[in-house]
Participant: 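Mind looking over this structure? Questions follow.
Residue numbers start from 1 in every chain, and the chains themselves are labelled A, B, ... in the order their sequence lines are given, proteins ahead of strands.
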Protein chains: 2
Amino acid sequence: MTGNINAQKQNNMTSKRPTIRDVAQFAGVSHQTVSRVINQYERINPDTRKKVEDAIEALGYHPSAIARSMSSGGTRTFACISPNLTDFTFASMIEGAEAYAREQGYFLISATAPDALSFKTLVEQLVQSRRTEGLLVINPYADKRYLYLPKDVPVVLMGARPRTKGLASVALDDKQGGYLATKHLLSLGHTQIALISGPLEEDCVQDRINGYKKALHEAGLAFDKELISSGDWSATSGQSCIENLIKQGTKFSAVFAQNDRMATGAIHFLQKIGWHIPEDVSIVGFDDMPLSSYFNPSITTIRQDIPILGINAVRLLINKKEDPCEEIQQLLYTPELVIRDSTSEYIQRR
Amino acid sequence: MTGNINAQKQNNMTSKRPTIRDVAQFAGVSHQTVSRVINQYERINPDTRKKVEDAIEALGYHPSAIARSMSSGGTRTFACISPNLTDFTFASMIEGAEAYAREQGYFLISATAPDALSFKTLVEQLVQSRRTEGLLVINPYADKRYLYLPKDVPVVLMGARPRTKGLASVALDDKQGGYLATKHLLSLGHTQIALISGPLEEDCVQDRINGYKKALHEAGLAFDKELISSGDWSATSGQSCIENLIKQGTKFSAVFAQNDRMATGAIHFLQKIGWHIPEDVSIVGFDDMPLSSYFNPSITTIRQDIPILGINAVRLLINKKEDPCEEIQQLLYTPELVIRDSTSEYIQRR
DNA sequence: CTGAAAGCGCTAACAT
DNA sequence: ATGTTAGCGCTTTCAG
């Protein structure tokens, strides 16, 4: 490596990094005094402090996080386990969480576990080795992975409400979201509203379905199982869902897709077979992913402020760490409807 | 917390976690022998090993990663710094990197630095505290942040080629990508090809422009600065770019957008003003983001296997850590063209 | 093949 | 306000 490298400050002969003792010796004080200085201890003689600070500067000293962890116990590290990092919703939550964690002096290890078994292994590695002081978990109810949540470290569930009272969480009010989406379609005069859901075993899916049912109920409409088809959140699955509904002869003038990707797939399929959106079918999505407004037509959807979830998850984690006895909080955030071009008034026609 | 909790294995009175010494005492050996067992040391008496393993099992012992780091030096942790976590390309690289790192026994701290100053701070926190044994960096040339790359820890640049010989990197062959995209449009008969670029200060942008120029040159066409407009990778900026080109009266029958999001924005704008894609304008994107095939029209683009970049970045990092003297590698991956519906033959008309 | 001693770099708990 | 003494839980080094 060439170029102008900053002059390395090292007054030692050795190439090793200076320790607290080197600093102490250089400053002519005890290593404990140095420790006090770097830990912002109040009652220190200004002169002493100055000497120590100069020594730190002169030697280019930086405390070792490892050694600190070793003697004080805390690693100042949290971990986040999610099924993947590419899902926009997950990425946004993690981004929010990481930024806030660092602001509070914590680093975030992010790791992915696609299934229950890898989740179990991961938790063990993370927790048993005492690398982390807290765990953020996304989607533990997708399968059996919630069984492997650790008991000896604070855990906050992120992006979904928990099934038990005992687990802290930060989530979106999915029922309300489903309700808003459905209500919007009802208000446009649609009465046959197909539902493209995520995997039925996920709680947020059930919540969104419950919101859908609630809106139907309020409108005096019966719930019809025929109108539901379940995908896996992917655009491809949205495509197959709508295809299946049509093949089985289900009639509908509107679709509520439980995320924007599936909405996208559904729109794609319908356009391919010559239907027009929203003239022939109105479609509402969920999430308001960044590109939703750029589709043709742009997608009416349910918006949530996702990074906020991550930020507050970390806030809960820190609370829980600092005061383990504190009451367990389960936060719920209310989403809003964003109306775009994929929905319009119902017109009797096909 | 209720429910059936696994019986905790603890034969000690204390509630503290067992240490290597507790295991040693329980097994009737020295703590050193226990250390050897957990470190897969070969020459150990099978009986002794059995006794130790039983003790570990009985006590529910797990080694402390902190203590190990403390005495051996290594933290088995890498860190990745990227501008954000939500960009699909970044997320994919990180996902690949994290998975491979963990496979190799390393955890990955991922952190974001939106600008040079926060990058500097972050690197200092990460490196000077000796939390990490290696650094993966995305996009260090977006601004001055490359100046703050650490010198005392292995670094691998991810997703862009470096400006100097001295930096290991794993990147896509952007020039080749730009070449393929342009060549495709040329082969369809287009000769006026607008270019919506990313920020000009990013190297991959220049490389893609160079590929564009190369293809034009091969076709005997002159390069026209008027045809270029620069955005910031966002769909919104793609929209403004195309709007500006049209407003300034630039004629074009095709567009090469340097990423799919900007292509999306461009398509959106053109459709809004009544143009048809690809009849009036052909458009090629870059990246093949997951939804590119679901747009209307689906987007012709340049595809790259992104997780591979992350995986190999970690591979280089481990190589470099294990043998610091090894020759510095700069890997380049060749992308491919994916033809969809946003491009078609040139027809003389407007 | 196994054990004893030393120390990684820091903080905590006393002393002064 | 500062110094001294002990570890934190492990690996390394050197003896046996």
Participant: Within the pair Arg68(B) and dC10(D), is there a side-chain N or O less than 4.0 Å away from OP1 or OP2?
Facilitator: no

Participant: What residues form a side-chain contact (heavy atoms from CB on, under 4.5 Å) with Gln329(A), not counting sequence neighbours?
Facilitator: Leu316(A), Asn319(A), Glu326(A), Leu331(A)

Participant: Report the residues that fulfil salt bridge (Lys or Arg N to Asp or Glu O under 4.0 Å) with Arg21(A), sequence neighbours left out, ordered by chain and then residue number.
Facilitator: none

Participant: What residue pairs, at least two apart or across chains, pass ring-ring contact (aromatic ring centres under 6.0 Å, His included) with a residue in residues 42-71 of chain B?
Facilitator: none

Participant: How long is the line joining CD1 of Ile66(B) and P of dC10(D), in whole Å?
Facilitator: 11 Å

Participant: Residues in salt bridge (Lys or Arg N to Asp or Glu O under 4.0 Å) with Lys144(A), at least two apart?
Facilitator: none

Participant: If the condition is salt bridge (Lys or Arg N to Asp or Glu O under 4.0 Å), which residues does Arg36(B) pass it with, not counting sequence neighbours?
Facilitator: none

Participant: Send over the distance from His62(B) NE2 to dC10(D) C1', rounded to a whole Å.
Facilitator: 16 Å

Participant: Answer yes or no: does a side-chain N or O of Ser64(B) lie under 4.0 Å from OP1 or OP2 of dG9(D)?
Facilitator: no

Participant: Please enumerate all residues that pass ring-ring contact (aromatic ring centres under 6.0 Å, His included) together with Tyr148(B), with sequence neighbours excluded.
Facilitator: none

Participant: Round to the nearest Å and state the distance from Met70(B) atom CE to dG7(D) atom P.
Facilitator: 16 Å

Participant: Output all residues satisfying ring-ring contact (aromatic ring centres under 6.0 Å, His included) with Tyr106(B), sequence neighbours left out; order by chain, then residue number.
Facilitator: Phe78(B)

Participant: Determine which pairs satisfy salt bridge (charged side-chain N to carboxylate O under 4.0 Å, His left out) with at least one residue from residues 100-119 of chain B, sequence neighbours left out, and list them in order.
Facilitator: Glu98(B)-Arg102(B)

Participant: In whole Å, what is the span from the CG atom of Asn45(A) to the P atom of dA1(D)?
Facilitator: 8 Å

Participant: When the C1' atoms of the five terminal pairs at each end define the local axes, what inter-axis angle does the helix from dC1(C)-dG16(D) to dT16(C)-dA1(D) show, to 10 degrees?
Facilitator: 30°

Participant: Restricting to nitrogen or oxygen on both sides, can you table the protein-nucleotides 12-15 of chain D pairs closer than 3.5 Å?
Facilitator:
from	atom 1	to	atom 2	distance (Å)
dT12(D)	O4	Gln32(B)	NE2	2.2

Participant: Show your working on side chain to side chain contact (heavy atoms under 4.5 Å, CB included) between Leu85(B) and Leu85(A) and close with a plain yes or no.
Facilitator: CA-CA 8 Å; Leu85(B) 297 178; Leu85(A) 297 179; over 6 Å; no

Participant: 5' to 3' on DNA chain C, which nucleotides open and close the contacts with chain B (atom under 4.0 Å from a heavy atom)?
Facilitator: dC1(C) to dG9(C)

Participant: With sugar-phosphate meaning primed atoms plus P, OP1 and OP2, does Thr48(B) contact a base, only sugar-phosphate, or nothing at under 4.0 Å between heavy atoms?
Facilitator: sugar-phosphate

Participant: Output the rounded distance in Å from CZ (Arg131(A)) to P (dG9(D)).
Facilitator: 17 Å

Participant: For Val29(B) and Asn39(A), find the nucleotide of DNA chain C closest to each by heavy atoms; which residue's nucleotide sits nearer the 5' end?
Facilitator: Val29(B)

Participant: Only counting residues at least two apart or in another chain, list the ones meeting side-chain contact (heavy atoms from CB on, under 4.5 Å) with Leu149(B).
Facilitator: Phe119(B), Val137(B), Tyr146(B), Val155(B), Leu167(B)

Participant: Verify, without hydrogens or angle tests, whether Ser35(A) (side chain) and His31(A) (backbone) share a donor-acceptor contact under 3.5 angstrom.
Facilitator: no

Participant: Whole Å only: how far is the CD1 atom of Ile56(B) from the C1' atom of dG9(D)?
Facilitator: 14 Å

Participant: Whole angstrom is fine here: how far is it from CG in Asp22(B) over to P in dG9(D)?
Facilitator: 9 Å

